[in-house]
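Given the structure is predicted, the values throughout are model-derived calculations rather than measurements. Both backbone and side-chain heavy atoms feed into the values below; hydrogens, waters and symmetry mates do not. Just so you know, residue 1 is the first one in the sequence shown, and it goes up from there.
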Amino acid sequence: MYESSKLIGIVVALPEERVALVKRLKQVKRRVVDGIPLYGGILEDRQVCVVEGGMGTAAAIRATRLLLAETRPCLVLSAGFCGAIRPGPQVADLVISKRLLVLDEQGQHEISQPGAELTAARLSAELQHRGIRTWQGSFITASGIITKATVAETLPADLPTPVLEMESAAVARAAMAAGVPFLGLRAISDDAAEELDFSLDELTDNQLRISIPRVLFTCLKNPRIIPQLARLAANSGKAGKNLGSALQQILPML
């Protein structure tokens, strides 16, 4: 059990997201609880714990609840990659959650984030001042696999900088239910022009975990996606680098 009331808890979905953040930490200690890995360490003189929960809302809820029980953080971040829905944001740009929406079988609805607009403006200004392109955006958490084009058709025209991901709303709900503040911080891994030529369910198992056999089978079946997978991997590397840098820059402000 961590003891610091100033600990920052961070929930990520993918190994690539976790690596980008944990590599910034000092005195890293890894442990596994109920099959979920937690990485504790020090960054900018603050205790940080990164939990890698897996993709999707169910995995995010489970990971966040575990993080809350094990570390008692003062703040929970949903961090990782996202896809730009409209033109503007470029690969590796940072997006801070100003608004948070859920897209599920019941339709589209917004989750209240007290103080989010002020926090997003303050952190965005600081990152911009330090040379990191940053947007105050709207996180769209999809409960399942869906294309950006489909999502774009459902959004209000005046929604600021919408980006698509699959975990933040679940993380926010679990954190706020425990009375812990929430912040969303993500980096663009694919811009608005990059629409996948395959579905993620072709690459994942029924728990949304990447399956190497399924990836290989999909590549054999449709070799045209191989250059896109390589490009996405390179873009994720760029996004991860900026994500780690942004966290290090803003941590003293949290």
Does Val28 have any side chain to side chain contact (heavy atoms under 4.5 Å, CB included) partners at least two apart in sequence or in another chain, and if so, which? Val22, Leu25, Tyr39
Suppose the criterion is salt bridge (charged side-chain N to carboxylate O under 4.0 Å, His left out): which pairs have a residue in residues 47-61, not counting sequence neighbours?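 Qualifying pairs, neighbours excluded: Arg18-Glu52.
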Sort and list the pairs that fulfil salt bridge (charged side-chain N to carboxylate O under 4.0 Å, His left out) and have at least one residue in residues 75-92, not counting sequence neighbours. none
Residues that [X] engages under salt bridge (Lys or Arg N to Asp or Glu O under 4.0 Å), provided they are two or more places apart:
X      : result
Arg133 : Asp93
Arg62  : none
Glu117 : none

Name all residues meeting the side-chain hydrogen bond (donor to acceptor under 3.5 Å, both in side chains) criterion together with Arg46; count only those two or more places apart in sequence or in a different chain, and write none if there are none.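 In terms of side-chain hydrogen bond (donor to acceptor under 3.5 Å, both in side chains), with neighbours along the sequence ignored, Arg46 is linked to no residue.
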How would you list, by chain and number, every residue that makes a side-chain hydrogen bond (donor to acceptor under 3.5 Å, both in side chains) with His129, sequence neighbours excluded?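 Residues passing side-chain hydrogen bond (donor to acceptor under 3.5 Å, both in side chains) with His129: none at all.
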Please list, one pair per line, the donor and acceptor atoms closer than 3.5 Å that link side chains of residues 245-254 to other protein atoms, with sequence neighbours excluded.
residue: Gln248; atom: OE1; partner: Arg24; partner atom: NH1; Å: 3.0
residue: Gln248; atom: NE2; partner: Glu44; partner atom: OE2; Å: 3.1
residue: Gln249; atom: OE1; partner: Arg130; partner atom: NH1; Å: 2.5

Applying side-chain hydrogen bond (donor to acceptor under 3.5 Å, both in side chains), which residue pairs with at least one partner in residues 235-244 are found, sequence neighbours left out? none
Could you list who else is in Ile146's hydrophobic cluster, with ILVMFWY side chains joined at under 4.5 Å, directly or through other members? Ile85, Leu101, Leu103, Ile140, Val151, Leu155, Leu159, Leu164
Under 3.5 Å, which donor-acceptor pairs do the side chains of residues 166-189 form with other protein atoms, sequence neighbours left out?
residue: Glu167; atom: OE1; partner: Arg186; partner atom: NH2; Å: 3.2
residue: Glu167; atom: OE2; partner: Gly56; partner atom: N; Å: 2.9
residue: Ser168; atom: OG; partner: Ser78; partner atom: OG; Å: 2.8
residue: Ser168; atom: OG; partner: Glu165; partner atom: OE1; Å: 3.0
residue: Ser168; atom: OG; partner: Arg186; partner atom: NE; Å: 3.2
residue: Arg186; atom: NH1; partner: Phe81; partner atom: O; Å: 2.7
residue: Arg186; atom: NH2; partner: Ser78; partner atom: OG; Å: 3.1
residue: Arg186; atom: NH2; partner: Glu165; partner atom: OE1; Å: 3.4
residue: Ser189; atom: OG; partner: Cys82; partner atom: O; Å: 3.3

